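Note that the coordinates shown come from a computational prediction; the quantities given were computed from them, not determined experimentally. Residue numbers begin at 1 in each chain, while the letters A, B, ... track the order of the sequences.
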Number of protein chains: 2
Amino acid sequence: MGLQDTLRALADPIRRDILSLLKTGPLSAGDICSHFSVTAAAISRHLSVLKEADLIRDHREGKFIYYELNTSVLEEIMFWITELKGDRDDA
Amino acid sequence: MGLQDTLRALADPIRRDILSLLKTGPLSAGDICSHFSVTAAAISRHLSVLKEADLIRDHREGKFIYYELNTSVLEEIMFWITELKGDRDDA
DNA sequence: TTAACAATTAACTTAATTGTTAATTGAAGT
DNA sequence: ACTTCAATTAACAATTAAGTTAATTGTTAA
């Protein structure tokens with residue numbers, strides 16, 4: 001966890017697309033897979049990277065595992081960028 | 001250029017530290033190197049990644065090449081995050 | 001032109017990431 | 001218990017990334 005994990009997770013286009021997919025609400029791993037042309041195993045690993053960064057949360061419902069977005073850790077990036085830009089009032 | 005390059009560039013702690021160093025103003029490659037415990041060649045490559053992402057600009061002054069921060073491309077990340085968080089009025 | 005210095009580029013090594021297929025875990029139904 | 005389906009984990013191949021040392025480019029000054 002932390003800024004490093006968050007940025008690393010965001011540095012992959014598939015992972016960003018997964019997050020965008022989850023914008024409208026939780027989806028099962030299978031649902032997510034169906035949007036991509038890579039194998040389920042590959043998506044599963046992307047999901048684990050996103051989960052490690054706490055960008056998504058998961059919960060099982062019967063056979064399905066649902067993933068949902070957690071945007072709270074994005075605040076840290078916003079803060080880092082803001083301070084890099086100078087935290088000035090006049091911006 | 002684009003979001004992908006920007007995020008990839010930010011996904012490395014040394015590169016983020018370089019950007020932070022440049023917050024106060026331009027520095028030569030040598031000045032930047034002196035803050036890190038890796039070789040000048042390694043820093044030079046980090047600088048080229050940052051430049052490719054347009055996060056820094058460089059200009060030569062005699063023997064020295066000075067680097068300075070360019071924060072404008074960070075807007076794109078801010079926008080992407082904001083829209084991911086839902087662009088709602090109530091936030 | 002040669003020497004000295006700043007910085008980059010080249011060549012190479014090692015470690016990390018991404019993808020594949022095959023095997024495994026977990027839950028539901030027969 | 002056995003099968004089936006959803007999803008993950010394991011094992012491996014291929015690519016990318018980051019670091020090193022050595023060689024090269026560019027600039028200044030003798």
For a quick test of reading the model, state the closest non-hydrogen atom pair linking [X] to [Y] and the distance between them.
| X | Y | result |
| --- | --- | --- |
| His46(A) | Ile14(A) | CD2-CG2, 3.7 Å |
| Ala11(A) | Ala11(B) | CB-CB, 3.9 Å |
| Arg16(B) | Leu3(A) | NE-CD2, 3.9 Å |
| Tyr66(A) | Ser28(A) | CD2-N, 3.5 Å |
| Asn70(B) | Asp54(B) | ND2-O, 2.8 Å |
| Leu50(B) | Ala9(B) | CD2-CB, 4.1 Å |

NA contact type, [X], heavy-atom cut-off 4.0 Å: base, sugar-phosphate, or nothing?
| X | answer |
| --- | --- |
| Ile14(A) | sugar-phosphate |
| Ala29(B) | sugar-phosphate |
| Ser28(A) | sugar-phosphate |

Nearest-angstrom distance from the residue atom [atom1] of [X] to [atom2] of [N]:
| X | N | atom1 | atom2 | value |
| --- | --- | --- | --- | --- |
| Glu61(B) | dG26(D) | CD | P | 19 Å |
| Ile43(B) | dT8(C) | CD1 | P | 10 Å |
| Lys51(A) | dT9(D) | NZ | C1' | 12 Å |
| His59(B) | dT27(D) | NE2 | P | 14 Å |
| Gln4(B) | dT17(C) | CD | C1' | 13 Å |
| Asp17(B) | dA18(D) | CG | C1' | 15 Å |
| Leu27(A) | dA7(D) | CG | P | 11 Å |
| Arg8(A) | dA15(C) | CZ | C1' | 13 Å |

Mapping Ala42(B) and Asp12(A) onto DNA chain C by nearest heavy atom, which one lands closer to the 5' end? Ala42(B)

Toward the 5' end of DNA chain C, by each residue's nearest nucleotide, Phe64(B) or Val49(A): Phe64(B)

Sort out the partner of dG19(C) for me: Watson-Crick or G-U wobble, both distances under 3.5 Å, none otherwise. dC12(D)

Going by purine N1 to pyrimidine N3 plus the second Watson-Crick contact, or the G-U wobble pair, all under 3.5 Å, which nucleotide sits opposite dT13(C)? dA18(D)

Residue [X], side-chain heavy atoms: nucleotide from [options] that is nearest:
| X | options | result |
| --- | --- | --- |
| Ile65(A) | dA18(D), dG26(D), dT8(D) | dT8(D) |
| Lys63(B) | dA18(D), dA28(C), dT28(D) | dT28(D) |
| His46(A) | dG19(C), dT21(C), dA27(C) | dG19(C) |
| Thr39(B) | dT20(C), dT20(D), dA7(D) | dT20(D) |

Give a yes/no on whether any side-chain N or O of Arg60(B) is located under 4.0 angstrom from OP1 or OP2 of dA6(C). no

When you measure from the side-chain N and O atoms of Ser44(B) to the phosphate of dA7(C), is any distance below 4.0 Å, counting only OP1 and OP2? no

Kindly say whether, by distance alone, the side chain of Arg45(B) makes a donor-acceptor pair under 3.5 Å with the base of dG19(D)? yes

